[in-house]
Amino acid sequence: MIPQEFEYTAPATLQEALALIADGERKILAGGMSLIPLMKLRLASPAEVVDIGRVPGLGGIVESDGMVRIGATTTHHEVETSPIIRAKCPLLAETASHIGDVQVRNVGTMGGSVAHADPAADYPAALLALEARFRLVSATSDRVVDASDFFVDTFTTSLEPGEIVVEIQAPLEDASEGYRYEKVAHPASGFAVVGVAARIKKSGDRITLARIGVTGMGPKAFRAREAERLLESGADVATAVATVGEGEDANSDLYAAADYRRHLARIYAGRAVAAAISRAS
Ligand code: FAD
């Protein structure tokens, strides 16, 4: 399919990009891995796209003030292979390695993925488990939003018209904590039918911190807070993960019905938590 005709602009600075999108009429283009297929299917027909891929300062990975800061145009491959992320935020590197295939990981960007908010995207599970934050900038504002407030619904975030995700901020993982991302990949697309990210800290045999993010099951990724609470109260893994998805809507499609997705979320939460416990020292 061929998209409808559109104008293409490649601003050279962030200020220029922000000025171009200020009226909410133009669409940002990053890796194009999600937007271009939508345009080809004519599910999106922007009159003009603003390519932020060449804006200096929007990419790159640095560690500062107890955070790993990942520029929005950083590709999934860069997240997967970054020595900083592997050392300081390994859950994120492990999660990135599950995204699509090598072509998608070479071109798709982290900012594009979170802004797109596909309910089957991988990053949201890890970003929720990490209690990450997003820096959102417009021509007139600059704010930081928690991941749990950012993902609002299917393909819907708390981004306002004219705002760009400029940076993903992930707190450093404690070297003693265990982590794991477990995914049931759709056999055709590779997207998560269900994906679960877990982080565990222990003191002796006692779990002192449990964080569980779930993607793919419902209209948006969520934290399995009751399972986290039970694990931190000494419950066994099976009891805790039996609560995953309680009170959350689950999606149904030709591949997986809602009940099956909820069941998978519990099974894969059990696997992710057990693996994270065994990795925690
Ligand atoms: P684009 O497609 O350029 O943009 C996506 C949307 O985000 C657009 O609405 C755009 O306007 C907006 N946007 C982009 N950047 C910003 C920004 N910085 N600030 C605000 N808005 C912005 N993803 C997974 O998680 N797991 C998978 O297994 C997976 N498999 C895939 C398989 C295939 C074959 C393909 C084509 C894609 C797959 N994806 C998967 C999606 C992939 O990760 C995309 O890279 C990602 O969803 C979008 O990133 P992008 O940089 O390509 O964004």
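Note that these values count all heavy atoms, side chains included, but never hydrogens, waters or copies made by symmetry. Atoms within a ligand are numbered from 1 in the order they appear, just like the ligands themselves.
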Validation row, ring centre Y255 to ring centre Y260 under 6.0 Å: no
Per-atom filter on ligand 1: closer than 4.0 angstrom to a heavy atom of K183 are 28 (O)
Any carboxylate oxygen within less than 4.0 angstrom of a Lys/Arg side-chain nitrogen, looking at K220 and D118? no
Only heavy atoms of G108, strictly under 4.0 Å: list the atoms of ligand 1 that pass. 45 (O), 51 (O), 52 (O)
Can you name the nearest heavy-atom pair linking R26 to I21, along with the distance? O-CG2, 4.3 Å
Is the number of heavy atoms from other residues, nucleotides or ligands within 6.0 Å of CZ (R42) greater than 12? yes
Ligand-side contact atoms (ligand 1) for residue partner I52, heavy atom cut-off under 4.0 Å: 18 (N)
If we ignore hydrogens and angles and just use 3.5 Å, is the side chain of T154 paired with the main-chain N or O of P219 as donor and acceptor? yes
Could you list the atoms of ligand 1 found under 4.0 angstrom from a heavy atom of G31? 3 (O), 50 (P), 51 (O), 52 (O), 53 (O)
So is R105 touching ligand 1 or not, going by heavy atoms under 4.0 Å? no
Shortest non-hydrogen contact between V104 and H76, atoms and distance: O-CD2, 3.7 Å
Atoms of ligand 1 close to A72 [distance to a heavy atom under 4.0 angstrom, numbered from 1]: 18 (N)
Proximal atoms of ligand 1 relative to M33 (non-hydrogen, under 4.0 Å): 2 (O), 36 (C), 44 (C), 45 (O), 52 (O)
